[in-house]
Structure formats: C-alpha cells, structure tokens
Amino acid sequence: MLVSLLAFGGCAWFDDGAPTRACKTNRDCFAAQGEVCTADGVCEVTDAAAAAPREVPQ
Amino acid sequence: MVVGAERGGGARKTLPVLRRVVVAREGVTATGTVTAAAAVTATGMVAAAVTAIVIATGRRRDAMRHRGSGRGGVGGGCGEGGGRRMIVGATEGARSRMQASKLRWMVGAIVMIAAATATAQPSSQFLAEFQAGTDAYRLGQYAEARAHLERAMAIEPSLPGPPRFLAAVDAAESKWAECVGHARTAIIANPASSEIAATRKLHDDCRAALDRPAFTGDYADGGALAVETNIAGAVITIGGLRAGASPLPPKAMALGKVEVTASKAGWKTASGTATIIPGVVTDLELVLAEDPATLTIDSNPAVPTEGWVRVDAAAGAQITFDGAALATDDRGRYQLPVGVHDLEVTAPGYLPYRRSVKVERGQELKIVVPRDSTAGRAARRQKGMIALGAAAGLGLVGTVTGWMAFAAADDARDWAELERLRPTTVPLSETLAYAPLHTRAEIAARADRSRTLAIVSGVSVVASLAALGAGIYFLAKLPADAPVEIGPTVGDGWGVSIRGAL
C-alpha cells in the first residue's frame with residue numbers, strides 16, 4: 001500500500017508541463033478571448049482579432 | 001604432657017585467680033616469687049662466708065702451730081727442732097693457702113655458674129606470654145593463643161615451647177603446613193627436649209594430613225628426607241649420588257645439610273638444600289622449568305579422541321554445553337567428545353546466544369559470541385520505529401502532494417482546452433454561465449503550482465524511501481552468526497609428534 005502510494009506520488013514528478021502559446025491555426029489559441037495565431041506560430045491577442053466579426057455560418 | 005592429647009578438648013575450666021607460676025619445661029625451672037638477682041646474691045653471700053671461714057681456719061691453725069713451737073711468726077726459731085718446725089709450719093701454711101685458693105676458685109665458679117643460670121632464666125614477660133598462650137590454647141581460643149605464643153617466640157626465639165604450642169594451634173586450625181614448620185622449629189631449638197616425642201608425633205600427624213608418605217624405617221640417630229617435584233619421574237640425586245626418581249619416598253639420612261638435585265630430559269635441572277633434623281622426615285619440593293631449547297620427538301604420539309572449543313564471550317558469561325557447565329583446561333578450552341553439541345551463552349545485560357557446535361577429533365574451534373546487549377537492541381528498535389514512522393509520514397506527504405500536482409496539472413490542461421473550444425459565435429457572457437473564463441495567466445499559474453507540488457512530492461517520496469530503508473535495517477538487523485575459527489587437526493593415527501623449538 002505504501003509502495004503504491006509512493007509510486008503514485010512519484011509519477012507526479014514526470015507529469016506533462018503547462019499548456020503553451022504555440023499554435024498552428026487559430027483553433028489552437030483562445031479565440032474567444034481574442035487570440036489569433038500569428039505567422040510566428042504564437043497565440044497573441046490583437047485588437048483586430050478582438051474587432052473581427054464573429055464567425056457565423058450565416 | 002602430651003601436646004597432641006591436649007588439643008583444647010575438655011580443658012575449659014576456670015583458672016584459679018592465684019596460682020604459682022611454674023613452667024617446668026625444657027629444663028628451665030623458675031618460680032615467680034624468686035628473682036634471678038636474689039639467687040645470685042644469695043649464692044655470692046654463701047660463697048663469701050665459706051671463703052672467710054676457710055681462710056680464718058687456716059690462719060688459726062698456722063698460729064697454733066707456731067705458738068706451740070715457742071716461736072712467733074713464720075720463719076722464726078733456730079736449730080734443728082726449730083728448723084723442722086719452721087718447715088712444718090711453712091708446709092702447713094702453704095697447704096692451707098692452697099686449700100683456700102682452691103675454695104676461692106670453686107666459689108668463683110659457683111658464682112659464675114649462678115650468674116649464667118640467672119642470665120639464662122627467661123624473662124617474666126616471656127613467661128607471661130607463654131602461659132597466656134598455653135592457657136588460651138587449652139580453652140580453645142586459638143587466635144588469642146597464637147598471638148601470645150608468637151610474642152613469646154619473639155622474646156625467646158631459642159626456646160622450643162612457643163613453636164611447639166604454635167604447631168598444636170596450627171593443627172587445631174587444620175593449618176597442616178604451618179604445623180609442620182612450627183614443629184620443625186621446636187625440634188631444631190632443642191632436639192633433646194623432654195617433649196620431643198610429642199613434638200615429633202605432632203609433626204608426623206601434620207605431615208600425614210598433607211598426604212605425605214610416612215617413614216617406615218629406623219631413624220637411628222639421624223632423620224629422613226623425602227623429595228617431590230612438580231613433574232614425576234625426575235632423577236633425584238642427594239649429595240651427588242643418585243637416590244631414585246620423584247616422588248622420592250622418605251629415606252634415612254644423616255643429620256645436617258644435603259644438596260639435592262632433580263633432573264629430567266626436556267626440563268631444566270632444579271636444585272635445593274635440605275636440613276635434616278633428628279627423628280622426623282624433612283620434605284623438599286623442587287620445581288622444574290620446561291627447557292624450550294630441548295627438542296623432544298615422540299614416535300608414538302597419543303591419538304586424540306576429543307576436540308576443543310574456545311569461546312570468546314562477554315565477561316561474566318555463563319557457558320554451557322548440552323545444558324551442563326564445563327571446566328576449561330589450562331589453555332582456557334573446553335574439551336568435548338566428537339559430535340554436535342548445543343552451546344548456550346548467557347550474560348547479564350546481553351541477549352542469550354545459542355548455536356550448535358560440531359566438534360571434530362583433534363580439532364580446536366574458536367567461537368566469538370556477539371556482544372549484543374539488551375540495551376543496544378532496545379535502542380536499535382527505537383531507531384527503527386522512528387525511521388518507519390518518518391517513512392510513513394514522508395510517504396503520505398509525497399502522495400498527497402503528488403495527487404495535488406496531478407490535479408493542478410489537470411486543471412491547467414482542462415482550462416486551456418476549454419478556452420480553445422470556447423465558441424466565438426456565441427457571446428462571451430453567455431459561455432461564462434457554463435464555464436468560467438480562465439486566462440492564460442491563470443492557466444500558467446495553475447501549471448506552476450502543479451510543478452511545485454510535483455517537486456515536493458518527489459522529494460518526499462525519496463526521503464520516505466530512505467527512511468523506510470533505515471527502519472528495515474534497524475528492526476530487521478540480526479546478530480551475525482558468530483565467526484568460527486577452526487584450528488588444524490592434531491594428528492590422527494600413526495605419526496610423529498614434535499614438541500619444542502626448532
């Protein structure tokens with residue numbers, strides 16, 4: 001029991017890191033918060049993106 | 001008086017307050033009421049009176065002879081008759097003077113003898129101590145008797161009475177060697193004593209109590225000598241002549257000092273001097289030392305049928321084999337028959353130790369018993385429990401923080417995914433009702449927290465593992481099996497045994 005708990009806790013040491021701002025498309029960014037994927041592949045908040053019309057199908 | 005018969009038995013009676021101190025011993029007679037000085041004075045007075053009477057008688061006879069001759073004085077008168085009378089008178093005078101001179105010499109000798117006798121009289125202090133010692137002996141008060149007799153012997157070391165009584169005291173106290181010594185002293189002091197027979201009997205009785213062989217021959221006018229050595233079979237020579245092998249039984253010997261030697265191959269020759277005294281056996285013990293320079297070869301050595309075990313344990317340990325305590329030999333080893341034996345060692349403050357020991361023929365085993373004290377074990381157990389407790393605590397911390405790190409990381413991932421999926425066609429205010437908004441800063445903070453908790457979890461887990469290992473070490477540590485050293489087997493069957501220096 002102790003060993004299993006220790007193993008569980010030890011695995012936390014090897015958990016994945018935090019989400020990054022790297023992106024390929026706008027879908028990788030927080031579009032609802034006004035982020036867009038720049039040409040450098042980084043999600044950034046821009047005024048244009050904030051003023052862009054909503055992407056509605058109609 | 002037979003000293004041996006008066007060994008304190010039946011003599012417990014009250015002594016009279018006033019008694020005439022009479023010690024009729026060894027030719028010394030003294031009366032307490034007559035001092036030595038008075039004896040000399042009386043003798044001198046008598047001698048002087050006798051001398052005066054003799055001299056006066058001689059002169060008167062001379063005077064009568066000369067008066068009868070009609071002449072006066074010596075040398076007077078003439079003529080033949082007168083001459084004859086002169087010669088007769090002179091002769092008579094000379095004869096009386098010679099007699100007086102003889103008497104004076106006799107008186108002088110008597111006075112000297114009296115003075116010498118007076119000088120030889122023991123002191124009153126000696127008499128008091130000696131009498132007190134003999135009285136105490138008869139009353140069975142041996143310690144007090146010994147003290148008085150030793151003081152008496154110190155005052156008059158040449159008298160045999162005190163050492164003879166001391167021998168009796170020694171015999172009463174079963175101090176046989178001392179008894180023999182004191183009896184010898186008494187015999188040496190006066191071999192012609194009236195008590196010599198009793199002294200010799202006491203000497204022989206004490207020798208017999210020491211299991212020494214008695215002399216069965218005829219002492220004649222001499223004594224006897226017996227020789228013992230620390231090893232049997234040594235060649236004994238007395239006065240340069242071979243007398244036999246040790247132990248040498250009592251042999252008749254002339255009085256005086258004799259040189260005795262004992263020799264044996266492989267041993268250094270020992271020598272000693274014995275003083276033979278009349279009517280008793282003189283014992284001489286010689287100690288031979290092993291001669292390491294000698295090489296002895298035994299072509300038929302004895303085949304060992306047992307083995308030996310040497311146990312190195314704590315001081316005061318009780319060692320038993322098969323439940324029985326055994327005695328060690330002169331090398332500190334336990335001699336045991338061939339086979340398996342149960343060894344058990346117990347000592348105060350230490351854990352009992354048990355093991356089986358297999359003894360081989362002619363082999364010597366050395367077993368070192370671990371000094372595992374009960375106090376040490378308790379301390380070790382305490383440390384183990386503390387280490388296990390720490391391991392459990394650290395493990396719990398590591399587990400909890402690890403779980404928290406997982407949760408924080410999940411939150412950050414979920415938030416990021418949620419924000420990526422939040423639709424842009426719906427007003428933001430409407431989506432907030434379903435899922436709260438999490439900015440990148442919040443997501444990054446949550447990710448940092450996860451990372452921190454992961455570090456704490458990792459460190460706690462490592463520390464817990466270390467404490468767990470220490471706890472297991474302290475609790476599960478068992479005393480190591482005692483190391484056993486095995487000595488080479490000593491010969492088996494036919495062979496040659498070599499002992500000594502090469």
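Naming: A, B, ... by sequence-line order, numbering from 1 per chain. This one's a predicted model, so the numbers in the text were calculated from it and none came from an experiment.
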Given 3.5 Å as the limit, does a donor-acceptor pair link the side chain of A/Q33 with the main chain of B/H438, or not?
yes

Think B/R420 forms a cation-pi with A/F30, using NZ or CZ under 6.0 Å from the six-ring centre and within 45 degrees of its axis?
no

Walk me through whether B/R440 and A/C43 qualify under side-chain contact (heavy atoms from CB on, under 4.5 Å).
CA-CA 10 Å; B/R440 280 204 180 268; A/C43 297; 3.8 Å; yes

Does atom CD (B/Q382) have a neighbourhood of more than 12 heavy atoms from anything else shown, all under 6.0 Å?
no

Non-hydrogen atoms of B/P423 and A/A32 that approach each other most closely
O-CB, 4.0 Å

Taking CZ in B/R310 as the centre, count heavy atoms belonging to other residues, nucleotides or ligands within less than 6.0 Å. Is the count above 12?
yes

Pairwise distance CD(A/E35) to OG1(B/T424) - rounded to 0.5 angstrom:
13.0 Å

